[in-house]
Amino acid sequence: MSSDDFRYMARAIRLADLGRYTTHPNPRVGCVLVKDKRVVGEGIHRRAGEPHAERNALAVAGDQARGATAYVTLEPCCHHGRTPPCSDGLIEAGVSRVVVAMQDPNPKVAGEGIAQLQRAGIQVDLGVMTAEAMALNPGFIKRMTDGVPFVRCKLAMSMDGRTAMANGESKWITGEAARLDVQRLRARSDAIITGIGTVLADDPSMNVRVSAAELPGVGSDDYLLQPLRVVLDPELQMSAEARMLKLTGKTLIVTASEDEKRQYALESAGAEVVVLPHQNGCADLPHLLLELANRGINEVLIESGPTLAGAAVAAGVVDELVLYAAPLLMGSDARGLLNIPALVGMKDCIELEIHDLRMVGRDMRMTLHPVSNSITGS
């Protein structure tokens, strides 16, 4: 491997990241074609059903692709879906070498794309900037390897760890810049989960409320995807007049109730109602995540009150916590951040690893990863 290999792959990774808000359920992929140390074509995958990054780069390069090196952030696909295989395209274009950041975890590919290129006499080098390539697609990778989506939990608090005043008032703890940042978290998510308590208290929209111009790489509002809104509503208390049911995008209501009259009212208002297993009045979160994965959901954002957020952390289903801390003190009577089972000693504490720490406007944003899978340390 040469320094040029890393330089061109870094460019491919930056290109792939331009698809952060538009490609799901497909992975974010970038491709750079280089010939005689000159970039002759670049491409990204913009949206499911549209050409993949390799095909777009080849279209730009034209005849100059023959004898070129292709730098691709993910192993080229080798199966027919809504678009033809990228491995075939690279072979037909006559590229001489393909540098791949990581193998595709999709069982339909999983090394076969690389093998097909090698059988055609193309040199393939695997493993350039693998960690950076994996960071592009945490949800796609987890869905393909573990059968569940990547779960991100967003929280906002004061410096003394409070999320709302005792009377429930919470607008606004964080500043405008942090709230815009949350809109970007929503935009990259395939689904947003909240609880019926939040819906009854706030009647939230749970949608992306920024334009394409505020989301790098989107380009047009036609590419802006609204996440699936998922409401955990064990007793079907949600009103058919709820604000989110009047908005663009789909709403999935997860319940334990088989009240056909209530189900019909909500379905008539545009919601989909699904009955899933519950335990102690709460949805079985691992079962819910399997359901979402079966729907092609890669990344999930939990935006809820302390009960659901605490239950998710305690169940070990949260992969990442995004915590916004505002420079406020709200007092000891204000509401806390997470409701989790009582922890007796320091050995029982939930250990977190700080992955990123930065200022967002006046607020501090911490990105944390749980060290273990649950409060039991399993």
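All values below come from the heavy atoms of this structure, side chains included, with hydrogens, waters and symmetry mates left out. One is the number of the first residue; the rest follow in order along the sequence.
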For a side chain to side chain contact (heavy atoms under 4.5 Å, CB included) check, start with the C-alpha distance between M206 and R186, then their side-chain angles and the critical distance, and finish with the verdict. CA-CA 8 Å; M206 304 301 290; R186 288 184 179 183; 4.2 Å; yes
Side chain of T255, backbone of V275: donor and acceptor closer than 3.5 Å? no
Is the closest side-chain heavy-atom distance between Y21 and L225 below 4.5 Å? no
Derivation of the side chain to side chain donor-acceptor pair (under 3.5 Å) call for S2 and D4: CA-CA 5 Å; S2 68; D4 283 344; 4.8 Å; no
Same apolar cluster (I L V M F W Y, side chains within < 4.5 Å links), M366/L338: yes
Which residues pass the side chain to side chain contact (heavy atoms under 4.5 Å, CB included) test with L18, sequence neighbours left out? L15, I44
For L266 and L245, which heavy atoms make the closest approach, and how far apart are they? CD2-CD1, 4.3 Å
Could you check whether any side-chain heavy atom of L285 comes within less than 4.5 Å of a side-chain heavy atom of L232, counting everything from C-beta outward? yes
Between CZ of R152 and CG of L301, what distance do you get to the nearest 0.5 Å? 7.5 Å
Salt bridge (Lys or Arg N to Asp or Glu O under 4.0 Å) between R20 and D17, intermediate numbers included: CA-CA 5 Å; R20 179 184 302 190; D17 195 44; 2.8 Å; yes
Closest non-hydrogen contact found for G336 with P306 is O-CB, 3.9 Å
Apply the test side chain to side chain contact (heavy atoms under 4.5 Å, CB included) to residues L323 and L337: give CA-CA distance (whole Å), side-chain angles for both, the deciding distance (0.1 Å), then the verdict. CA-CA 10 Å; L323 176 58; L337 185 67; 4.2 Å; yes
Contact between D88 and R55 at the side-chain level, heavy atoms closer than 4.5 Å - yes or no? yes
Donor-acceptor contact below 3.5 Å, side chain D160 vs main chain G331: yes
Let me see the working for I114 and Q118 under side chain to side chain contact (heavy atoms under 4.5 Å, CB included), right down to the final yes or no. CA-CA 6 Å; I114 291 173; Q118 291 173 327; 3.8 Å; yes
More than 12 heavy atoms from other groups under 6.0 Å of CD on E176: no
I want to check something: taking the side chain as every heavy atom from C-beta on, are N106 and F140 in contact at a cut-off of under 4.5 Å? yes
On a heavy-atom basis, which atom in H287 and which in L276 lie closest, and how many Å separate them? CD2-CD2, 3.8 Å
Mind checking whether P105 and L74 have side chains closer than 4.5 Å, heavy atoms only? yes
Starting at CZ of R188, measure out to CZ of R28 and round the result to the nearest 0.5 Å. 4.5 Å
Hey, are the side chains of L290 and V148 touching, using non-hydrogen atoms and a 4.5 Å cut-off? yes
Heavy-atom closest contact (A10 atom, M129 atom, distance): N-SD, 3.6 Å
hydrophobic_cluster_shared for I253 and L228, side chain cutoff 4.5 Å: no
Group every Ile, Leu, Val, Met, Phe, Trp and Tyr by side-chain heavy-atom contacts under 4.5 Å, then state whether I354 and M159 land in the same group. yes
Looking at E320 and K142, is there a salt bridge between them, counting it only when a charged N and a carboxylate O are closer than 4.0 Å? no
Just wondering, more than 12 heavy atoms not from H369 lying within 6.0 Å of its NE2? yes
Nearest atoms (heavy-atom pairs only) where P138 meets A135: CD-O, 3.4 Å
Side chain to side chain contact (heavy atoms under 4.5 Å, CB included) between E42 and Y8, worked out: CA-CA 10 Å; E42 293 183 337; Y8 294 126; over 6 Å; no
Are T248 and Q226 close enough that a side-chain donor and a side-chain acceptor fall under 3.5 Å? no
Do V151 and L352 belong to the same hydrophobic cluster, where Ile, Leu, Val, Met, Phe, Trp and Tyr are linked whenever their side-chain heavy atoms lie under 4.5 Å apart, directly or via other members? yes
Is the shortest side-chain heavy-atom distance between R243 and P204 below 4.5 Å? no
Does a salt bridge link E241 with K246, judged by any charged N lying under 4.0 Å from a carboxylate O? yes
From S304 atom OG to I193 atom CD1, the distance as rounded to the nearest 0.5 Å: 9.0 Å
May I ask you to say whether E112 pairs ionically with R119, meaning some side-chain N is under 4.0 Å from a carboxylate O? yes
Looking at R143 and D190, is there a salt bridge between them, counting it only when a charged N and a carboxylate O are closer than 4.0 Å? no
Count the heavy atoms belonging to other residues, nucleotides or ligands that lie under 6.0 Å from NZ of K250, then report whether that count exceeds 12. no
Salt bridge (Lys or Arg N to Asp or Glu O under 4.0 Å) between R262 and D233, intermediate numbers included: CA-CA 12 Å; R262 292 292 306 138; D233 185 5; over 6 Å; no
Taking the side chain from D363 and the backbone from G175, do they hold a donor-acceptor pair closer than 3.5 Å? yes
With a 4.5 Å cut-off on side-chain heavy atoms, are L236 and V273 touching? yes
Gap separating the OG1 atom of T307 from the CD1 atom of I196, nearest 0.5 angstrom: 13.0 Å
With rounding to the nearest 0.5 angstrom, report the CG to CZ distance, L33 to R66. 12.5 Å
Please list all pairs meeting salt bridge (charged side-chain N to carboxylate O under 4.0 Å, His left out) that have one or both residues in residues 285-297, counting only residues at least two apart or in different chains. E272-R295, E291-R295
What heavy-atom pair brings M330 and A334 nearest, and what distance separates the two atoms? O-CB, 3.7 Å
Examine R11 relative to Y71 and say whether NZ or CZ is less than 6.0 Å from the centre of the six-membered ring and inside a 45° cone about the ring axis. no
Run the side chain to side chain contact (heavy atoms under 4.5 Å, CB included) test against R365 and tell me which residues pass, sequence neighbours left out. D181, V322, Y324, D356, R358, V360, T367
Rounded distance [0.5 Å steps], CZ in R229 versus CD1 in I192: 8.0 Å
Are the side chain of E75 and the backbone of D104 linked by a donor-acceptor contact shorter than 3.5 Å? yes
If you count every heavy atom of other residues, nucleotides or ligands that lies below 6.0 Å from E235 atom CD, does the total exceed 12? no
